[in-house]
Each structure stands twice: as structure tokens, then as C-alpha cells.
**Student:** 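Before anything else, here's the structure in question.
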Amino acid sequence: AGVFALMHMGSPGASRVGLINLVIGGTVAALNVFLSGGLSFSLGWHFGWNIWMGHFLGLSTSGIPMSAKLISVVPDPKKASLHGGRFGPEQSPLAATAYLLGCAALGLIYGSDGLAMWRDKLA
């Protein structure tokens, strides 16, 4: 999770809040790998996030503006703390909420069977 966040540190507009959000997201992704034994859900979540935020809504993803977009959402510059500013939604409260929803989805998908599998893998 830390490496995932560090890979985004040089992105335009990155701040401590964005990097903390990415650590949370990377932790949820790592938890999924442990529970499922694969990268499919994590890669799908990352790909879906970037496509939805970048190419559908036209928002920056990790500081990279998207040129091909279906809808152009123009965030209010005075509310950068709510929408993530130049870095994009990964730096907003939405990101932490989405990552925690992903964690809840993992609990629903894998439940106690997934946790038992994880304990067996670590043993």
C-alpha cells in the first residue's frame, strides 16, 4: 500500500491527504489479494475507478487530466478539499468512502470463509 502511494507522490497536485487515501486504497487492494488469492478484483476496481472518474466524468485521475471524456465536470476551485483539486477524486473524501465501501464489499463477498482461508495461508 505504501509503495502504491509512493508511486503517485510525484503526480501533479498530490498532497498528504491524497497519499493517505491511496494507502487506504492500497491496503484494501492488498486485503483483497489475501482473501481471494488473486488480483482480479483489485485490478478491476482500479481500472473501473480510473475509467469512471477520468473518461466518464472528465476528472483528473492522480493528477493526470483526461482528454477523452463523455461528460465534462468542472469542479469549483474554491471547494478543492471536497473534490480533490488538481490531483482528482483520489484526494477527496469520496476516495476514502469508496475504499471503505470496497472493504465492506470484500467482507460481503468473502465473509468468514475468506478470513479462514487467509489464516490458513499465513500458517
Side-chain angles (χ1 to χ4, degrees):
V3 171
F4 180 72
L6 288 175
M7 290 173 59
H8 292 81
M9 190 167 22
S11 297
S15 75
R16 189 175 333 161
V17 171
L19 298 176
I20 289 169
N21 281 347
L22 292 176
V23 168
I24 294 167
T27 301
V28 173
L31 177 62
N32 175 65
V33 172
F34 279 119
L35 292 175
S36 70
L39 291 170
S40 301
F41 188 87
S42 297
L43 292 175
W45 184 275
H46 189 282
F47 180 75
W49 176 277
N50 285 350
I51 292 297
W52 181 259
M53 294 298 168
H55 295 293
F56 185 75
L57 296 178
L59 299 170
S60 293
T61 56
S62 300
I64 302 166
M66 297 291 126
S67 57
K69 50 195 161 220
L70 182 61
I71 298 171
S72 186
V73 176
V74 180
D76 184 346
K78 295 176 187 170
K79 298 181 180 178
S81 65
L82 296 176
H83 59 69
R86 184 175 179 200
F87 191 72
E90 294 96 336
Q91 194 159 271
S92 73
L94 172 65
T97 303
Y99 298 145
L100 293 173
L101 285 174
C103 193
L106 290 174
L108 291 173
I109 292 168
Y110 297 107
S112 60
D113 293 339
L115 292 175
M117 182 176 60
W118 182 62
R119 280 193 304 269
D120 292 342
K121 286 183 181 184
L122 291 177

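In what follows, every heavy atom counts, from backbone to side chain, and hydrogens, waters and symmetry copies are set aside.
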**Student:** Which pair of non-hydrogen atoms, one from Trp49 and one from Ala98, has the smallest distance, and what is that distance?
**Tutor:**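 Minimum heavy-atom separation between Trp49 and Ala98: CZ3-CB, 3.4 Å.
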**Student:** Same hydrophobic cluster for Leu100 and Val33, using side-chain heavy-atom links shorter than 4.5 Å among ILVMFWY?
**Tutor:**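 No, it is not one cluster - the side chains of Leu100 and Val33 are not joined through contacts under 4.5 Å.
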**Student:** What is the distance from atom CG of Asn50 to atom CD of Glu90, rounded to the nearest 0.5 Å?
**Tutor:**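 It comes to 6.5 Å.
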**Student:** In terms of relative ring orientation, are His46 and Phe4 parallel, tilted or perpendicular, with 30° and 60° separating the classes?
**Tutor:**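 Perpendicular.
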**Student:** Should Met9 and Leu22 be regarded as members of a common hydrophobic cluster, given that ILVMFWY residues are connected when their side-chain heavy atoms come within less than 4.5 Å of each other, either directly or indirectly?
**Tutor:**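 Yes, it is one cluster - the side chains of Met9 and Leu22 are joined through contacts under 4.5 Å.
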**Student:** Between Leu19 and Val23, is there a shared hydrophobic cluster once you connect ILVMFWY residues whose side-chain heavy atoms come closer than 4.5 Å?
**Tutor:**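 Hydrophobic grouping puts Leu19 apart from Val23.
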**Student:** I need the minimum non-hydrogen distance between Ser42 and Ala29, along with the two atoms involved.
**Tutor:**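 Heavy atoms only, the tightest pair is OG-O, 3.0 Å.
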**Student:** Determine, using the 4.5 Å side-chain heavy-atom cutoff (strictly less than), whether Leu39 and Trp45 are members of one ILVMFWY cluster.
**Tutor:**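 Different hydrophobic clusters.
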**Student:** Between Phe56 and Leu94, is there a shared hydrophobic cluster once you connect ILVMFWY residues whose side-chain heavy atoms come closer than 4.5 Å?
**Tutor:**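 Shared cluster, yes.
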**Student:** List the atom of Gly26, the atom of Ala1, and the distance in Å for their closest heavy-atom pair.
**Tutor:**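 The pair with the smallest heavy-atom distance is C-CB, 3.5 Å.
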**Student:** Looking only at heavy atoms, what is the nearest atom pair of Ser92 and Pro89, with distance?
**Tutor:**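 Nearest pair, atom of Ser92 first, then Pro89: OG-O, 2.7 Å.
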**Student:** Output yes when a side-chain donor or acceptor of Gln91 lies under 3.5 Å from a complementary backbone atom of Ser15, and no otherwise.
**Tutor:**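 At least one qualifying donor-acceptor pair exists.
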**Student:** Please find the pair of heavy atoms, one from Asn21 and one from Ala95, that lie closest to each other, and give the distance.
**Tutor:**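 Distance-wise, the nearest heavy atoms are ND2-CB, 3.8 Å.
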